[in-house]
Amino acid sequence: MRDNRPKSRLLALGSAGALVTATLIAGAVSAPAASADSRHGQDREARGAAIAAARAAKAGIDWQDCPADWGLEKPIKCGWVSVPLDYAKPYGKQIKLAVDRIGNTGTAEERQGALVYNPGGPGGSGLRFPRRVVTKNAIWANVAKAYDFVGFDPRGVGHSAPISCVDPQEFVKAPKADPVPDTEADKTAQRKLAREYAEGCAERSGAMLPHMTTPNTARDLDVIRAALGEKKLNYLGVSYGTYLGAVYGTLFPGHLRRMIVDSVVNPSRENIWYQANLEQDIAFEGRWKDWEDWVAANDAAFHLGTTRADVQAKWLELRATAKKSPLGGVVGPAELISFFQSAPYYDSSWVPVATAFSKYVAGDTQALVDAAAPDLSDTAGNISAENGNAVYTAVECADAKWPTSWRKWDRDNTRLNKDYPFMTWANAWMNLPCATWPTKQLTPVDVKTHRGLPQLLIVQSTRDAATPYPGAVELHQRFKGSRLITEKDAGSHGVTSLVNPCINERVDNYLINGKLDTADVTCAPHATPKP
């Protein structure tokens with residue numbers, strides 16, 4: 001499931017200088033640690049990554065004003081880093097990755113290097129990260145004194161050799177079929193769509209697909225580190241960005257200085273990625289109920305009922321109405337789920353989603369249509385939405401072997417849907433292209449501690465829907481010496497961007513002073529949204 005969801009599509013998951021010393025080049029070329037179960041070819045890719053990093057360290061990045069249509073204001077600078085499409089062939093075809101940067105706001109003495117960010121997805125752009133400085137984001141003000149903020153478009157994303165699987169305007173057209181099947185014919189139709197989507201990926205982006213993997217993106221991250229002139233990487237990863245960080249830490253343990261992972265994907269090989277999506281279905285149901293409880297507690301504002309059961313009844317009534325006759329001709333159950341799922345994702349969506357729902361119940365259908373329908377005139381947004389979904393699919397399908405038996409998919413999702421109906425089938429159809437994926441599927445990296453791995457900080461809320469809490473515990477056990485901050489009784493996805501001094505102060509202390517608590521910490525939840 002993606003966590004940077006365009007509203008126009010049912011997504012169940014829902015961006016320094018060229019002088020390099022000999023020391024930095026040495027840092028760039030040291031080969032990553034090979035895990036004990038390295039398969040044939042990984043050594044070639046490790047050598048290829050070292051060659052590409054050494055080349056990038058020499059080239060540096062030619063920072064320029066960002067293109068006007070990227071929406072990145074001065075003094076943010078943009079540039080490009082070349083990486084091999086295939087790390088087993090480092091002198092073969094190269095692709096260019098878009099990167100951007102804003103310098104630290106403190107003194108030269110305060111500067112500790114670059115902090116590189118990935119927001120998740122897979123398929124999310126990190127290019128907006130330096131805007132936290134431009135917009136004077138108070139949570140990150142202290143860290144910004146010490147670090148350049150660096151974002152990038154991962155391979156296949158945005159400006160970095162973007163991939164596509166279907167025409168973007170077709171991709172966003174609505175209404176889509178109700179994801180919850182009534183008949184076997186409904187399932188057959190969805191299976192056909194999933195198979196055609198996988199075929200479309202091969203037709204439109206076939207040369208890129210075999211190389212759209214998390215290990216390759218981790219290698220890209222190391223080349224970016226070298227191009228920045230950094231001997232060691234400082235990294236902040238959220239959601240899927242935590243899995244990217246976990247793989248980077250496994251492949252390049254000696255190249256890390258500090259790393260924060262926030263809202264953690266369970267990195268167990270057994271979890272990547274089929275099981276991960278089933279686990280999400282359960283967690284989304286729990287967080288959906290949390291939101292319904294909050295709506296009921298604020299009945300004076302929303303008039304949707306005083307109990308969770310009242311709110312759920314109105315949701316089911318809305319869903320049935322839209323199934324019978326899509327609202328405004330374009331908003332059916334699929335579009336409703338795409339819009340409403342942002343509430344269990346992010347607390348910041350609680351009020352807007354409840355408000356649109358409340359207006360609908362009060363007789364204003366248009367407000368909900370405006371919120372949930374695709375905007376066919378937003379061609380740039382639709383290109384971005386389609387690209388994000390293509391990358392999400394390509395990476396998850398290539399990272400791991402998926403079940404090819406429809407009987408297994410049908411059995412697992414039918415069973416889950418009985419108790420966790422909010423997201424289950426929508427999520428299943430989104431991932432089903434992986435069952436007929438046209439290129440090789442890897443065995444996931446065995447995430448574990450290797451020599452040189454520094455202490456890292458893990459931040460996680462207990463009721464997160466997209467990345468359930470056990471994932472943070474699993475990574476904590478695998479990365480020795482790590483510290484876990486648990487935000488208890490909260491569930492907003494992406495904890496480090498929220499105001500919670502118990503967490504914010506520890507993030508600052510780690511990134512600025514390199515200090516962690518002597519034991520794991522539990523924090524009270526951040527403030528609940530107010531209507």
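Note: hydrogens, waters and symmetry copies are ignored here, and every other heavy atom, side chains too, is used. We're numbering straight along the sequence, starting at 1.
In the model, H526 has a side-chain atom that pairs as donor or acceptor with a side-chain atom of D347 under 3.5 Å. Y248 and T217 are not linked by any side-chain donor-acceptor pair at a separation below 3.5 angstrom, with hydrogens and angles left out of the test. A donor-acceptor pair shorter than 3.5 Å can be found between the side chains of D153 and S125.
With D148 contributing its side chain and N104 its backbone, the two residues share a donor-acceptor pair below 3.5 Å. Panel note: side chain T424, backbone D281; no donor-acceptor pair is recorded below 3.5 Å. Not one N or O on the side chain of W409 forms a donor-acceptor pair closer than 3.5 Å with the backbone of A435. Using modelled atom types, one side-chain atom of S405 and one backbone atom of R407 make a donor-acceptor pair closer than 3.5 Å. Between the side chain of D464 and the backbone N or O of T467, at least one donor-acceptor pair lies under 3.5 Å. When atom types are taken as modelled, the side chain of N137 and the backbone of I139 share a donor-acceptor pair closer than 3.5 angstrom. At least one donor-acceptor pair under 3.5 Å links the side chain of K401 to the backbone N or O of Q441.
Of the listed residues (C397, C201, P210), just one forms a side chain to side chain contact (heavy atoms under 4.5 Å, CB included) with T439, and that residue is P210. Under the side chain to side chain donor-acceptor pair (under 3.5 Å) test applied with N431, the options Y392, Y274, W273 reduce to a single match, Y392.
Checked against a 6.0 Å centroid threshold, the rings of W291 and W288 count as neighbours. The six-membered or imidazole ring of Y117 lies away from that of Y235, with a centre-to-centre distance of 6.0 Å or more. Taking the ring centroids of W437 and W402, they lie at or beyond the 6.0 Å cut-off.
Of the inter-residue distances, the one linking L498 atom CG with Y346 atom OH reads 10.5 Å to the nearest 0.5 angstrom. Atom CG of N234 sits about 8.5 Å away from atom CG of L256, to the nearest 0.5 Å. Expressed to the nearest 0.5 Å, how far CG of D222 lies from CG of L251 amounts to 9.0 Å. The distance from the NE2 atom of H493 to the OG atom of S239 is 3.0 Å, given to the nearest 0.5 Å. Taking CG of L278 as the start and CD of Q275 as the end, the distance is 5.0 Å to the nearest 0.5 Å. Once rounded to the nearest 0.5 Å, the distance linking CZ of R287 with CZ of F422 reads 12.5 Å.
The minimum heavy-atom distance linking P433 with Y197 is given by the pair CG-CD2, 3.7 Å.
Taking the charged nitrogens against the carboxylate oxygens, D412 and K408 do have a contact shorter than 4.0 Å, which makes a salt bridge. A salt bridge is defined here as a Lys NZ or Arg NE, NH1 or NH2 lying under 4.0 Å from an Asp or Glu carboxylate O, and D489 with R463 fails to meet this definition. Note on R415 versus D410: no salt bridge recorded, every NZ/NE/NH1/NH2 to OD/OE distance being 4.0 Å or above.
Using cut-offs of 30° and 60° on the angle between ring planes, the pair W429 and W425 is parallel.
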Check: Could you go step by step and tell me if R155 and D220 meet the salt bridge (charged side-chain N to carboxylate O under 4.0 Å, His left out) rule?
Finding: CA-CA 8 Å; R155 59 171 55 209; D220 293 345; 2.7 Å; yes
